[in-house]
Structures are given as C-alpha cells and as structure tokens.
Participant: 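Here you go, one structure.
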Number of protein chains: 2
Amino acid sequence: MEERSISDVIEAYLKSILGDDPRIEIRRAEIADHFDVVPSQINYVIKTRFNLQNGYLVQSKRGGGGYIRIERVNLLDDDDVLQMLIANIGEAISEKDAAKIIKTLYEEKLISRREGDLMLVGVAKQTLNQANKQAEERLRARLLVALLTRLRYE
Amino acid sequence: MEERSISDVIEAYLKSILGDDPRIEIRRAEIADHFDVVPSQINYVIKTRFNLQNGYLVQSKRGGGGYIRIERVNLLDDDDVLQMLIANIGEAISEKDAAKIIKTLYEEKLISRREGDLMLVGVAKQTLNQANKQAEERLRARLLVALLTRLRYE
DNA sequence: CCTTTCTTGACTAATTTTGACCTTAATCAT
DNA sequence: ATGATTAAGGTCAAAATTAGTCAAGAAAGG
C-alpha cells in the first residue's frame with residue numbers, strides 16, 4: 001500500500017491498531033499530535049475511510065474522558081437486497097408501500113415478526129402525525145431507509 | 001464498561017455495590033471523599049446515570065443521618081414503571097434521553113438487542129430531521145410512546 | 001487547466017469537573 | 001419547648017476538557 005498523503009498514513013495506522021480487535025477507542029487529540037496534524041484531520045480520515053460503506057461504525061463522545069470509537073462490522077450477505085430496497089424507497093413513501101416493504105423483509109427472514117410489528121407502528125400515519133401528506137411521506141421514507149440501513153450489518 | 005472519566009468510575013462503583021441488592025444507601029460525602037472529588041460530582045453522576053430513564057429511582061434525605069438511596073426498578077413485573085416511563089416522556093424528549101430508555105428496555109430484557117438498535121436508529125436526530133428542535137423532540141416522543149405502548153399490549 | 005482530494009484553522013457543541021452558596025434535618029444547650 | 005449549632009444533601013453556573021463542522025486554500029491527478 002502506497003501512502004501518498006498523511007491521511008493514508010493515519011488510515012493505515014488506525015487499521016493496524018484495530019488488528020484483531022473488533023473495535024478501538026482513540027483520543028482525537030492524541031492521534032493528531034502523534035502525526036503532527038490538526039485534530040480535525042482525524043475527522044476527515046474517519047469520514048472518508050471508516051464509514052459504513054467500508055464496513056466501519058464510528059461513535060464518539062465529547063468532554064472529559066471523550067473518545068472516538070471505531071468498530072468493524074460485518075456487512076450482511078444479502079446486502080444487495082437491502083440496497084435495492086433502499087434505492088426503491090426514494091424520497092417519499094406511502095404507509096401502504098412501506099408496509100409492503102416491511103412484509104418483504106419479514107418474508108425474506110431479514111426481520112422477526114416482532115421487529116416487523118414495531119416497524120409498522122413506527123411508520124404509521126398516526127405516529128408520524130405530520131402537517132401534510134408530503135411531509136409525512138418524506139419522513140416515513142427517511143425512517144424506513146434508516147432502518148434498512150441499520151439492517152445491513154450485524 | 002470502559003471507565004474513561006471519574007464519573008464513569010463512580011458509576012461503575014455504585015453499580016458494583018448495588019450488585020444483587022435492589023437498593024443501596026450511600027453517604028454522599030463519603031463517596032466523594034473515596035474518589036477525591038467534590039460532593040456535587042456525586043449528584044452529577046446520579047443525575048446523568050441513575051435516573052428513571054436508566055431504570056433507577058433515587059431518593060435522599062438531608063441533615064444529620066442523611067443519605068442517598070439508589071433503587072433499581074424492575075420493568076418486567078411492574079407495568080406501572082412502563083407507564084411511568086411513558087408518562088415521563090410526555091410531549092417531547094431528547095435523543096439522549098430516548099436512548100437511555102431504550103437501553104433500559106434492553107437491560108430489562110423487554111426488547112432484544114436488535115430491536116433496541118432499530119429503535120435507536122428510529123429516534124435518531126438524523127432520521128427525524130425536523131426543521132426545529134421542538135418539532136424533532138415532539139415527533140420523537142410520539143414515536144417512542146407508540147413503540148412502548150405497542151410493547152405494553154402485546 | 002480542471003477536478004478531486006487533502007490540509008488547516010476558526011468557530012461550535014457536548015460533557016465533565018469544580019466550587020460557591022442554599023436548604024433541610026437532627027441534636028444540643030438553655 | 002426553643003433557638004443555635006452541626007451535619008447532611010441540593011443547585012447552579014463557570015471553567016476545563018474533548019470532539020464536530022465548515023469553508024478556504026493547497027496539493028495531486030487526469
């Protein structure tokens with residue numbers, strides 16, 4: 001691997017300390033200091049190289065004892081199915097169509113009955129309770145996409 | 001649990017002495033002294049980590065013989081607590097408080113890990129994506145109440 | 001060139017730590 | 001009994017400690 005930029009070096013470093021651990025926790029300032037870069041460069045590296053598409057989940061906390069946690073996740077085998085479903089949802093979706101998708105998830109055994117029921121409650125018109133139909137359908141789409149995205153990994 | 005800050009350490013300590021006991025009584029000054037922090041830090045730890053949303057009930061008494069009593073509440077054989085939790089959510093709730101509740105549901109085994117993860121995704125700020133904070137917190141409250149209500153009646 | 005990626009830094013946000021000041025309850029002296 | 005003293009715990013906000021965002025400028029690739 002040829003490291004052209006310091007970002008590449010930092011990426012390689014983080015991956016090396018990840019090693020066999022499923023997750024690591026770093027202090028942003030410490031890493032930045034170690035490579036003599038500004039702290040926000042760490043955010044850049046994480047944003048461009050440790051996102052879900054690349055199989056990583058990142059969480060962080062500010063304040064005293066703050067940290068950035070990087071976790072490697074396994075993307076599922078049927079990731080394609082989920083990505084297709086997500087692509088099909090688009091910007092807005094009706095309650096009926098959402099229910100169809102949830103039903104598909106259940107039939108494909110991607111979710112349990114109970115998970116499906118909870119999702120149905122979540123996307124219900126009454127729950128979202130938006131001012132107009134358009135807002136409601138957009139919100140429902142965001143919610144559904146977020147849920148499907150979460151299903152993409154274990 | 002990784003203890004990064006002294007607050008985390010105190011949290012872990014209190015949970016460890018809680019052990020199997022349903023409740024403990026501590027003297028604030030004593031704990032503060034033990035960890036060499038100011039007494040009000042104990043209040044901070046309790047406020048942020050031992051509230052109802054976290055599955056704890058706290059009572060205290062001032063003056064001579066004063067104490068702070070921390071009690072773990074049981075969601076399983078106490079439908080009242082679930083009701084209290086729902087009532088506590090009210091009209092609006094922050095993402096952090098919602099997350100605490102969901103975590104409690106998981107710890108009390110009312111929901112599975114995956115169900116909890118999906119719920120967390122649903123109530124996330126990014127998912128709801130409302131115009132202003134108030135709208136966001138109201139929507140989140142409706143969503144969470146709908147989900148909890150569903151759990152109550154299944 | 002032109003576009004994309006990287007680097008920097010000023011400004012912002014979240015969380016923890018600390019301390020000054022307040023309230024409540026028990027005990028003691030009269 | 002009553003008022004003073006002592007012994008808890010409570011509140012709140014400032015200061016300290018982390019991390020996040022965003023946009024401008026620099027560098028690298030095509």
Side-chain angles (χ1 to χ4, degrees), chain A residues 1-14 23-51 53-54 56-71, chain B residues 1-14 23-54 56-71 93-100 103 124-126 129 132-133 136-137:
Chain A
M1 182 177 306
E2 290 136 46
E3 287 104 17
R4 298 178 180 73
S5 62
I6 186 70
S7 285
D8 286 337
V9 177
I10 296 170
E11 173 190 4
Y13 173 74
L14 292 177
R23 61 164 62 169
I24 54 172
E25 275 174 19
I26 59 173
R27 248 172 287 131
R28 187 179 76 154
E30 196 173 86
I31 305 291
D33 209 53
H34 189 271
F35 291 99
D36 198 30
V37 297
V38 297
S40 61
Q41 176 127 22
I42 309 306
N43 297 85
Y44 176 75
V45 172
I46 284 172
K47 194 170 171 189
T48 54
R49 291 143 160 96
F50 292 90
N51 49 36
Q53 208 54 246
N54 292 318
Y56 296 92
L57 210 59
V58 176
Q59 293 167 301
S60 66
K61 199 171 114 178
R62 304 184 194 186
Y67 59 85
I68 297 177
R69 174 190 301 155
I70 302 175
E71 184 175 3
Chain B
M1 181 170 307
E2 299 85 11
E3 291 101 23
R4 304 166 196 90
S5 61
I6 187 70
S7 286
D8 288 338
V9 176
I10 295 169
E11 173 190 2
Y13 173 73
L14 292 177
R23 63 167 62 170
I24 54 172
E25 271 174 24
I26 59 173
R27 249 170 291 134
R28 186 180 77 153
E30 196 172 88
I31 305 289
D33 208 54
H34 189 272
F35 290 100
D36 197 29
V37 298
V38 298
S40 61
Q41 177 129 22
I42 309 306
N43 297 84
Y44 175 74
V45 172
I46 284 172
K47 191 172 170 189
T48 54
R49 292 144 160 94
F50 292 91
N51 53 34
L52 182 60
Q53 298 161 348
N54 286 311
Y56 297 90
L57 219 55
V58 176
Q59 295 164 305
S60 67
K61 203 175 96 174
R62 305 186 192 187
Y67 58 84
I68 297 177
R69 175 189 301 152
I70 301 175
E71 184 175 2
I93 187 171
S94 71
E95 179 171 357
K96 280 209 189 337
D97 286 344
K100 281 181 191 169
K103 191 173 172 217
K125 178 192 183 74
Q126 198 185 15
N129 189 41
N132 58 72
K133 190 168 182 169
E136 176 194 317
E137 298 206 334

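Keep in mind that this is a model prediction, so the values were computed, not measured. Order of the sequence lines fixes the chain letters, A, B, ..., with proteins taken first and strands second; residue numbering starts at 1 for each chain.
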Participant: Contact class for A:Ile68 vs. all strands (heavy atom < 4.0 Å): base, sugar-phosphate, or nothing?
Facilitator: sugar-phosphate
Participant: Among residues 28-39 of chain A, which ones have heavy-atom contacts with DNA chain C below 4.0 Å?
Facilitator: A:Val38
Participant: With B:Lys125, which residues qualify under side-chain hydrogen bond (donor to acceptor under 3.5 Å, both in side chains), at least two apart?
Facilitator: B:Glu136
Participant: Could you tell me the boundaries of the chain A footprint on DNA chain C, defined by atoms under 4.0 Å from its heavy atoms?
Facilitator: C:dT5 to C:dT16
Participant: Under 3.5 Å, sequence neighbours excluded: what are the donor-acceptor pairs made by side chains of residues 44-52 of chain B?
Facilitator:
unit_1: B:Thr48; atom_1: OG1; unit_2: B:Tyr44; atom_2: O; d: 2.8
unit_1: B:Thr48; atom_1: OG1; unit_2: B:Val45; atom_2: O; d: 3.4
unit_1: B:Arg49; atom_1: NE; unit_2: B:Glu11; atom_2: OE1; d: 3.0
unit_1: B:Arg49; atom_1: NH2; unit_2: B:Asp8; atom_2: OD1; d: 2.7
unit_1: B:Asn51; atom_1: OD1; unit_2: B:Gln53; atom_2: N; d: 3.2
unit_1: B:Asn51; atom_1: OD1; unit_2: B:Asn54; atom_2: N; d: 3.0
unit_1: B:Asn51; atom_1: OD1; unit_2: B:Asn54; atom_2: ND2; d: 2.9
unit_1: B:Asn51; atom_1: ND2; unit_2: B:Lys47; atom_2: O; d: 3.2

Participant: Assign each of A:Gly66 and B:Arg27 to its nearest nucleotide of DNA chain D by heavy atoms, then name whichever residue's nucleotide is nearer the 5' end.
Facilitator: B:Arg27
Participant: Considering only residues two or more places apart or on different chains, which pairs with a residue in residues 33-42 of chain A satisfy side-chain hydrogen bond (donor to acceptor under 3.5 Å, both in side chains)?
Facilitator: A:Ser7-A:Gln41
Participant: Heavy atoms under 4.0 Å, any strand shown: does A:Arg69 hit a base, just sugar-phosphate, or nothing?
Facilitator: nothing
Participant: Who pairs with A:Glu25 by salt bridge (Lys or Arg N to Asp or Glu O under 4.0 Å), at least two apart in sequence or on another chain?
Facilitator: A:Arg69, B:Arg4
Participant: Applying side-chain hydrogen bond (donor to acceptor under 3.5 Å, both in side chains), name anything that partners A:Arg23, two or more places apart in sequence or on another chain.
Facilitator: none
Participant: In degrees, rounded to 10°, what is the bend between the two ends of the helix from C:dC1-D:dG30 to C:dT30-D:dA1, using five pairs at each?
Facilitator: 10°
Participant: What is the first contacted nucleotide of DNA chain D and what is the last, in 5' to 3' order, if contact means an atom lying under 4.0 angstrom from a heavy atom of chain A?
Facilitator: D:dT17 to D:dG29
Participant: Mind checking what makes side-chain contact (heavy atoms from CB on, under 4.5 Å) contact with B:Ala99, not counting sequence neighbours?
Facilitator: B:Leu120
Participant: Partners of B:Arg62 by salt bridge (Lys or Arg N to Asp or Glu O under 4.0 Å), sequence neighbours excluded?
Facilitator: none
